[in-house]
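Residue numbers run from 1 in the order of the sequence given. Just follow the structure's listing: the first ligand is 1, and inside any ligand the first atom is 1. For clarity, every value in this text was computed on a predicted model and none was experimentally measured.
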Amino acid sequence: MPEIVPLPAFQDNYIWTLRDRTSAAVVDPGEARPVKEYLAREGLSLVAILATHHHPDHTGGIAELVAMKKVPVFGPKGEPIPALTHPVGQDDKVEIPELAASFSVLDIPGHTRAHVAYYGLGSLFCGDTLFACGCGRVFEGTPEQMLHSLTKLAALPDETRVYCGHEYTLANIRFARTVDPDNAALAAREERVKRLRDAGRPSLPSTLGEERATNPFLRCSEPVVVESANKYLGARVANPVQVFAAIREWKNKS
Ligand SMILES: [Zn+2]
């Protein structure tokens, strides 16, 4: 099984890199330089590029990487991904034979119109849809779509490792504690993540079990989260979509 390595990019992006002794595939290369440096330093050959959505901080390095080596570029059909060779959508398979890796594609619209996730090797690459203890902003879809996408991801097994696009975890946990103040698992998570970050280490991957226990955006039916949404709105929410929309708006303003 390939090793999965984070290459930091920009302020807080991660370019997730799957590698064995000779080959590497990258997920969401927002810039080419960290990838090129890593490949050169490790003596690796690039074999594939996977994009979760079209935002430039996830795709900005693709053109320069394929100019260096012509490799398959997988990305959502229906979004403008540079140099896209393999447009994919729900239930499509992504095969990377050089790494003996295979992924299923999940459509998870909301952050963008056709955002996808890649699920395989017990791992989930979910871009800017599910974050550790948070979720992406709803730019091109509706709160209902976004909640549906998050619920779909939450149905994967507990032990699934979650590789998201940004290191936002500590700020997300701080917000989560205002929504879900008495959650002991969340308090423990904050301590764990602080220690990792103080040591200069990524907070990722997390696991889906951990997200289900602590991520307020996956807990829109929990009474404590519903109550917090009511307080924020000063009115009673009627359903989980309204809870989601309320806490997403609250987070945007916090
Ligand atoms: Zn994005």
Asker: Assess the pair His115 and His54: is the distance between their ring centroids shorter than 6.0 Å?
Answerer: no
Asker: Tell me whether the Zn ion (ligand 1) has His111 as a neighbour, meaning an N, O or S atom of it below 2.8 Å.
Answerer: yes
Asker: What do you get for the angle at the Zn ion (ligand 1) between NE2 on His53 and ND1 on His55, to the nearest 10 degrees?
Answerer: 100°
Asker: Taking the side chain as everything from C-beta on, heavy atoms only, tell me whether Pro76 gets closer than 4.5 Å to Thr112.
Answerer: no
Asker: Could you label the plane-to-plane angle of the Phe217 and Phe175 rings as parallel, tilted or perpendicular, counting under 30° as parallel and over 60° as perpendicular?
Answerer: parallel
Asker: With under 30° as parallel and over 60° as perpendicular, where do the rings of Trp16 and Tyr163 fit, or are they tilted in between?
Answerer: perpendicular
Asker: Find, among atoms of Asp128 that are N, O or S, the one nearest to the Zn ion (ligand 1), and state its name.
Answerer: OD2
